[in-house]
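Everything on this sheet refers to the single structure shown next.
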Amino acid sequence: MSESPSPDLSVLRTFSPLDGLKLDNLRALARKTVVRELPQGRLLFKEGDAEKRTFYLVSGTLDLLTEGRHAGSVKGGTADARHPVAPLLPRRCTAR
């Protein structure tokens with residue numbers, strides 16, 4: 001897994017509810033935001049995790065698994081990717 005510096009504000013504005021933040025608040029959030037690049041097949045989080053982080057998919061495809069079975073996919077740049085991935089805690093699915 002590699003990490004990149006804070007994302008461009010235009011990238012953050014593509015996500016909901018971040019698109020409604022005032023510019024100063026969005027800049028403050030960007031300073032605390034990390035972009036991660038995961039190799040294919042690597043887990044982002046596991047079902048049952050309670051880590052208080054919010055994940056958005058910028059690009060690529062993320063498979064969601066529930067009890068080891070495919071429950072859906074999210075593709076970057078789509079309407080589904082505008083929203084946080086599995087926002088409820090504990091996580092109700094695994095993201096790979």
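All figures in this text were calculated on a predicted structure; none of them were measured in a lab.
- Between D19 and R13, the shortest heavy-atom distance links the atoms CB-O, 3.2 Å.
- V34 and L12 fall into different hydrophobic clusters, where Ile, Leu, Val, Met, Phe, Trp and Tyr are joined by side-chain heavy atoms under 4.5 Å apart, directly or via other members.
- A pairwise comparison of heavy atoms in G48 and P90 identifies O-CB, 3.4 Å as the closest pair.
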Next item on the list: Test side chain to side chain contact (heavy atoms under 4.5 Å, CB included) on E47 and R92 and set out the steps.
Entry: CA-CA 5 Å; E47 187 173 355; R92 296 188 177 166; 5.7 Å; no
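- For the atom pair H83 NE2 and L18 CG, the distance stands at 11.5 Å (nearest 0.5 Å).
- For the pair R91 (side chain) and A50 (backbone), a donor-acceptor distance under 3.5 Å is absent.
- Annotation: cation-pi geometry not satisfied between R82 and F15 (NZ/CZ under 6.0 angstrom from ring centroid, within 45° of ring axis).
- Heavy atoms only, all atoms of each residue included: K75 and L57 are closest at C-CD2, 3.8 Å.
- You'll find the side chain of Y56 reaches within 4.5 Å of the side chain of P84, heavy atoms only.
- No donor-acceptor contact under 3.5 angstrom links the side chains of D80 and T78, judged on distance only.
- In this structure, the separation between OG1 on T94 and CZ on R69 is 13.5 Å, given to the nearest 0.5 Å.
- Salt bridge status for D49 with K46: absent, with no side-chain N to carboxylate O gap under 4.0 Å.
- Judged purely by atom type and a 3.5 angstrom limit, T66 has no side-chain atom pairing as donor or acceptor with the backbone of A71.
- L9 and L29 fall within the same hydrophobic cluster, where Ile, Leu, Val, Met, Phe, Trp and Tyr residues are linked whenever their side-chain heavy atoms come under 4.5 Å apart, directly or through other members.
- In plain terms, the two heavy atoms of H70 and G72 that are nearest each other are NE2-O, 3.2 Å.
- F45 is connected to L62 through a chain of hydrophobic side-chain contacts under 4.5 Å among Ile, Leu, Val, Met, Phe, Trp and Tyr, so both are in one cluster.
- Note: the hydrophobic cluster containing L44 also contains V74 (ILVMFWY, side chain heavy atoms under 4.5 Å, direct or indirect links).
- Under the 4.5 Å side-chain contact rule for hydrophobic residues, L26 and V58 share a cluster.
- Residues T14 and V11 come closest through the heavy atom pair OG1-O, 2.6 Å.
- The CZ atom of R27 lies 14.0 Å from the OG1 atom of T33; values are rounded to the nearest 0.5 Å.
- What you find for L89 and E51 is that their closest heavy atoms are CD2-O, 3.6 Å.
- We find the CZ-CG distance between R96 and L65 to be 5.5 Å, quoted to the nearest 0.5 Å.
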